[in-house]
Amino acid sequence: MNTWMDVPSGSDFSIYNIPFGIYSKAGEKRIGSRIGDMVIDLESCVKLNIFPGVELPDRIWRTGYLNEFIELGKATTRAVRSKIQEALCDENSMLKKASHVFIPISEVEMHLPVRIGDYTDFYSSIEHATNVGKMFRDPDNALLPNWKHLPVGYHGRSSSIVVSGTDIRRPFGQLKPQDGPPVYAATKRLDFELEMAFIIGKENKLGDPIAIKDTDEYLFGMVVFNDWSARDIQKWEYVPLGPFLAKNFASSISPWIVTMEALQDFSVSGPKQEPEVLDYLKFEGDKNYDIKLEVGLTPDGGTENVICRSNFKYMYWNMNQQLAHHTMNGCNVRVGDMMASGTISGPSEDSFGSMLELSWSGSNPINLANGESRTFIEDGDTITMRAYCEKGDKRVGFGEVSGKVIV
């Protein structure tokens, strides 16, 4: 596809992308898409009749979230995306003459794209699970017995999911010194977790599992996800019920939802699953995605240091399996629910998706360009994650998710 828009070389937001998000200018939240460095106002596109034959009720534009738009169904959201692409490639389109439809990204504020009802975090990278098991359990038997039989996950806290650019306050909690009773203090082991998350685009009824062959229709799109973690709080509290206060203080997401349609050209096969999974987890086709990932750490007043490069294709359990497993007991999901992948680590040390692994629980400090070093995140540090797919002349990216740690 060739567009008449001026799209910067290497932009995440090419004509092949056309994501959806919520932006504001002068305070009013509106539904938008993006091409290059320009936000496209969708309600203005409706008034220009860019979407002929597509039923788009007036009520969806004023809610401040994408939920009602997504609820219209994939046939509608696919048509909207496709017609935007057509208009951006048509030299005679009304869109080319309507400069008011386009707003520079520098002039808008981005917001949470969906009203998140529920949030689930999985634990689906075999490299990450193995690394953690080696550090804290048994180096020779790192994975727990259930790990290769089901996608392990837990229900998190949706109220503390924030959009990129939101400062993250260092959390307090119970810490357990090696000798002595627990104390109340600020975490000394603040960490990031490099993750991707998918957004539910269709509801199922309570008691009605989603068969794995049908899961694609429930996956609307994806964002980059930073699951901030307090490792010392986690170590003390997680037995026997798992993550709680060590995780629920904040998670950050990128603002643009990249649709699954935009990602199809980048689907790949995943790792071989052994032993063979149960029938309800068996899938057909390529369900992993070649999404290149990186994490940068910027000390206060300093320059960014890229400390991790990984890839979403490494995930052992894919999104379709995660959703099928999540609902196999009849659990119902709702439009806007968010499900995160779990930390994405690769096979090499520079692809580990957390400070816990990169510094090997603090024993191997990470050296920064300014002469400082880090074992975990310090006050004033900014963590920035980026994700993109690239194949030939096609590039589809997510932009970035960033957050600065404050006290």
Side-chain angles (χ1 to χ4, degrees), residues 123 125-137 139 142 164-171 173 175 178 185-196 224-235 243 246-247 249-252 254 291-312 314-315 340-388 400-407:
Y123 188 52
S125 161
I126 193 168
E127 289 86 0
H128 174 66
T130 300
N131 288 338
V132 172
K134 286 179 177 179
M135 276 186 270
F136 297 117
R137 283 189 292 274
S164 176
T166 305
D167 289 341
I168 305 301
R169 191 170 298 278
R170 180 175 293 273
L175 314 182
Q178 188 169 355
T187 178
K188 296 177 176 60
R189 291 192 155 206
L190 184 60
D191 202 354
F192 67 82
E193 290 191 344
L194 172 61
E195 306 191 24
M196 299 293 295
V224 191
F225 194 95
N226 182 355
D227 186 23
W228 299 91
S229 300
R231 298 300 186 184
D232 39 10
I233 296 173
Q234 182 179 0
K235 184 178 181 180
K247 302 276 191 176
F249 62 93
S251 297
S252 302
S254 54
I291 304 175
K292 298 174 177 61
L293 307 165
E294 70 173 35
V295 182
L297 187 156
T298 306
D300 196 19
T303 58
E304 181 178 275
N305 300 256
V306 175
I307 58 175
C308 166
R309 287 186 173 89
S310 193
N311 197 301
F312 188 59
Y314 297 136
M315 300 306 289
S341 61
T343 304
I344 304 163
S345 293
S348 61
E349 291 184 4
D350 63 348
S351 67
F352 293 167
S354 65
M355 296 287 282
L356 176 69
E357 296 164 272
L358 290 167
S359 73
W360 208 254
S361 194
S363 65
N364 184 27
I366 302 164
N367 295 319
L368 306 182
N370 64 359
E372 298 177 5
S373 64
R374 295 286 188 275
T375 52
F376 290 93
I377 303 168
E378 296 187 4
D379 296 338
D381 288 347
T382 297
I383 297 296
T384 303
M385 297 177 177
R386 301 179 182 89
Y388 68 94
E400 64 181 39
V401 55
S402 67
K404 183 176 183 176
V405 176
I406 62 172
V407 291

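None of these values were measured; they are calculated from a predicted model. Only heavy atoms go into these numbers, but all of them, side chains included; no hydrogens, no water, no symmetry mates. We count residues from 1, following the sequence as given.
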Check whether Asn370 reaches the backbone of Glu372 with its side chain - one donor and one acceptor, N or O, closer than 3.5 Å. yes
Just by distance, with hydrogens left out, do Arg189 and Ser361 show a side-chain donor and acceptor under 3.5 Å apart? yes
Please check if the side chain of Ser354 supplies one atom and the backbone of Glu193 the other of a donor-acceptor pair under 3.5 Å. no
Would a distance-only check, ignoring hydrogens and angles, find a side-chain to backbone donor-acceptor pair under 3.5 Å from Arg169 to Val407? yes
Over 12 non-hydrogen atoms of neighbours within 6.0 angstrom of NZ in Lys235: no
Decide yes or no for Arg374 and Pro299: does some side-chain heavy atom of the first lie under 4.5 Å from some side-chain heavy atom of the second? yes
Gap between atom OG of Ser341 and atom OH of Tyr314 - 0.5 Å precision: 14.0 Å
Just do the side-chain contact (heavy atoms from CB on, under 4.5 Å) check on Leu297 and Met355 with the steps written out, would you? CA-CA 10 Å; Leu297 187 156; Met355 296 287 282; 4.2 Å; yes
So, Asn311 side chain and Ile291 main chain: donor-acceptor pair closer than 3.5 Å or not? yes
Hey, mind stepping through Phe136 and Leu356 against side-chain contact (heavy atoms from CB on, under 4.5 Å) and telling me if it holds? CA-CA 11 Å; Phe136 297 117; Leu356 176 69; 3.8 Å; yes
What one should report as the nearest heavy-atom pair of Gly353 and Cys308 is CA-SG, 4.2 Å
Quick one: OG on Ser251 to CZ on Phe225, what's the gap to the nearest 0.5 Å? 4.0 Å
For the residue pair Gly380 and Lys404, what are the closest heavy atoms and their distance? O-CE, 3.5 Å
Return yes if some donor-acceptor pair links the side-chain N/O of Arg170 with the main-chain N/O of Thr187 below 3.5 Å, else return no. yes
Tell me, with the steps shown, if Phe249 and Leu190 meet side-chain contact (heavy atoms from CB on, under 4.5 Å). CA-CA 11 Å; Phe249 62 93; Leu190 184 60; 3.8 Å; yes
Would you compute the distance between atom CZ of Arg386 and atom CG of Leu293 and round it to the nearest 0.5 angstrom? 12.0 Å
Is there a donor-acceptor pair under 3.5 Å between the side chain of Asn364 and the backbone N or O of Gly362? no
Could you pull out the closest heavy-atom pair between Thr343 and Ser125, with the gap in Å? O-CB, 3.0 Å
Any idea which heavy atoms bring Ser164 and Val401 closest together, and the distance? OG-CA, 3.3 Å
Determine yes or no for a side-chain-to-main-chain donor-acceptor pair under 3.5 angstrom, with Ser254 supplying the side chain and Val224 the backbone. yes
If the test is side chain to side chain contact (heavy atoms under 4.5 Å, CB included), which one of Ile307, Ile168, Val405 qualifies with Phe192? Ile307
In this structure, CG of Asn131 is separated from CG of Leu358 (nearest 0.5 Å) by 9.5 Å
Here the gap from Asp381 atom CG to Thr298 atom OG1, rounded to the nearest 0.5 Å, amounts to 8.5 Å
Salt bridge flag under 4.0 Å for residues Lys134 and Glu357: no
In sequence, state the C-alpha distance, the side-chain angles, and the governing distance for Asp191 and Ser229, and then conclude on side chain to side chain donor-acceptor pair (under 3.5 Å). CA-CA 5 Å; Asp191 202 354; Ser229 300; over 6 Å; no
Tell me the closest heavy-atom pair linking Ser310 and Ser351, and the distance in Å. OG-O, 3.3 Å
Between Asn367 and Ser373, does any side-chain donor sit less than 3.5 Å from a side-chain acceptor? no
Does Glu195 pair with Lys247 as a salt bridge, N-O distance under 4.0 Å? no
Can you measure from CD (Gln234) to CG (Leu175) and round to the nearest 0.5 angstrom? 12.5 Å
Parallel, tilted or perpendicular: which one describes the rings of Phe352 and Trp360, with boundaries at 30° and 60°? tilted
Closest contact, heavy atoms only, Met315 versus Gly342: CE-O, 4.2 Å
